[in-house]
Amino acid sequence: MLVEIRKKSFNAYAEIQYYLDSLDIAGKYGATSNFVGSMRDFNKNKKVTHMTLEHYPGMTEKHLETIAKESIEKWKLLDVLILHRIGNINVGEDIVLVATWSSHRKDAFESCRAIMEQLKSGAPFWKKEETSAGDIWVEKNTPGY
Amino acid sequence: MLVEIRKKSFNAYAEIQYYLDSLDIAGKYGATSNFVGSMRDFNKNKKVTHMTLEHYPGMTEKHLETIAKESIEKWKLLDVLILHRIGNINVGEDIVLVATWSSHRKDAFESCRAIMEQLKSGAPFWKKEETSAGDIWVEKNTPGY
Amino acid sequence: MQVSVKYFASLRELIGETTSIIHVEEGATVNSLWRSIIETKNVKFDNVMMAVNMEYVKSEHQLKSGDEVAFFPPVTGG
Amino acid sequence: MQVSVKYFASLRELIGETTSIIHVEEGATVNSLWRSIIETKNVKFDNVMMAVNMEYVKSEHQLKSGDEVAFFPPVTGG
């Protein structure tokens with residue numbers, strides 16, 4: 001299990017591969033579900049040019065680790081990877097990555113989606129968007145189900 | 001949209017990155033959902049050492065393309081990638097890859113999972129496993145919901 | 001009239017053929033073709049799936065001359 | 001007794017502070033602390049979220065000396 005907050009931009013697929021290479025689970029997992037959240041150039045019909053992501057150092061990591069641990073237990077996962085950007089983010093860059101490894105696809109799919117929803121609703125991150133209408137704190141996340 | 005049947009082993013994450021680089025959708029997609037199905041060394045408590053995947057040339061491609069096209073329409077996806085192995089497969093190798101790109105996570109998650117279920121229930125592929133109990137045709141897929 | 005018939009996976013092994021050309025009567029259905037095949041070959045096979053010209057069809061689907069008919073077990077990809 | 005208080009995002013900008021040390025009475029709750037802050041600062045802020053020692057708490061949660069209290073708007077990560 002790995003949870004990391006990243007100040008620098010990352011490549012989601014290189015990160016998954018790099019993490020997977022560090023594990024010894026080949027032949028054990030039959031299903032991997034990944035989610036990658038990336039920065040769009042629009043939100044609610046406004047053009048967005050840039051974003052700043054604030055977090056609560058300490059609590060954010062702790063909160064994500066709890067989500068990851070509980071998911072491993074609930075879905076009997078072989079492993080979980082969560083990466084999340086903070087700081088200055090450019091259009092097209094990846095913001096969040098969740099990967100779950102499981103024997104069966106049902107558990108992989110459900111756990112990956114549930115982790116994203118828990119992260120979205122509870123992990124202390126805040127987005128401020130630079131838009132055509134000025135700098136705006138995002139007020140709430142869109143529903144995921 | 002890309003649907004491919006592969007005789008040779010592939011690296012799922014390199015394939016997603018390679019395909020994504022060929023698209024011009026950065027800033028348009030906010031959500032990517034990927035599923036990777038990989039070969040396990042066990043099935044129903046039997047040790048599996050090797051697998052052969054048979055398909056129906058022509059119908060398999062056609063069937064997967066229909067699934068991909070209908071999913072793009074139903075979930076308003078920006079793009080879809082489906083790769084599937086055939087032939088001789090070793091433990092740990094990737095068998096199937098599905099990636100869906102969308103504005104929002106709900107559509108990405110739902111479409112990726114639905115594509116996998118449709119593929120599992122309808123795409124003409126057949127697995128023959130070399131197990132400790134001899135060569136066995138897999139009789140049916142496990143349920144995904 | 002003639003149709004071509006394909007078998008896959010465990011059914012291909014059971015029948016011992018990959019493809020064959022078979023004569024059918026006008027008005028034959030995919031199911032009547034299937035019945036005649038398992039009777040001729042004297043085999044038993046449950047849960048067969050049927051496709052005509054690379055599309056799934058119901059068992060009452062009526063065949064046309066030159067159709068490509070396929071019989072196979074439940075699919076197990078992914 | 002004393003607690004440290006942190007503010008984040010739009011609330012941090014509204015309050016104009018990142019962290020402060022605040023005196024509270026014995027038996028004070030996180031909600032009574034919040035009320036006194038918005039009264040002192042003369043600000044209005046809806047839907048505040050509250051954490052004590054990096055765990056979410058209910059508004060009636062009772063504070064202890066040395067607690068790290070955090071107030072922030074609904075989270076918008078991912």
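Chain letters run A, B, ... following the sequence lines, proteins first, then strands; residues in each count from 1. Because only heavy atoms are used, hydrogens play no part in the values below, and waters and symmetry mates are left out as well, while side chains stay in.
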Taking 3.5 Å as the threshold, show me the donor-acceptor pairs across chain A and chain D, one per line with distances to 0.1 Å.
{"residue": "A:E54", "atom": "OE1", "partner": "D:R12", "partner atom": "NH2", "Å": "2.5"}
{"residue": "A:E54", "atom": "OE2", "partner": "D:A9", "partner atom": "N", "Å": "2.8"}
{"residue": "A:E54", "atom": "OE2", "partner": "D:R12", "partner atom": "NE", "Å": "3.1"}
{"residue": "A:Y56", "atom": "OH", "partner": "D:E68", "partner atom": "OE2", "Å": "2.4"}
{"residue": "A:K62", "atom": "NZ", "partner": "D:N53", "partner atom": "O", "Å": "3.4"}
{"residue": "A:K62", "atom": "NZ", "partner": "D:E55", "partner atom": "OE2", "Å": "3.3"}
{"residue": "A:H84", "atom": "NE2", "partner": "D:G78", "partner atom": "N", "Å": "2.9"}
{"residue": "A:K120", "atom": "NZ", "partner": "D:G77", "partner atom": "O", "Å": "3.4"}
{"residue": "A:G122", "atom": "O", "partner": "D:Y56", "partner atom": "OH", "Å": "2.4"}
{"residue": "A:F125", "atom": "O", "partner": "D:T76", "partner atom": "N", "Å": "2.7"}
{"residue": "A:W126", "atom": "NE1", "partner": "D:P73", "partner atom": "O", "Å": "3.0"}
{"residue": "A:K127", "atom": "N", "partner": "D:T76", "partner atom": "OG1", "Å": "2.8"}
{"residue": "A:K127", "atom": "NZ", "partner": "D:G78", "partner atom": "O", "Å": "2.6"}
{"residue": "A:K128", "atom": "NZ", "partner": "D:E13", "partner atom": "OE2", "Å": "2.5"}
{"residue": "A:W137", "atom": "NE1", "partner": "D:E13", "partner atom": "OE1", "Å": "2.9"}
{"residue": "A:N141", "atom": "ND2", "partner": "D:G77", "partner atom": "O", "Å": "3.2"}

If you count heavy atoms of other groups shown closer than 6.0 angstrom to NZ of A:K76, is the number above 12?
no
Flag yes if more than 12 heavy atoms outside A:D24 fall under 6.0 Å of its CG atom; otherwise flag no.
no
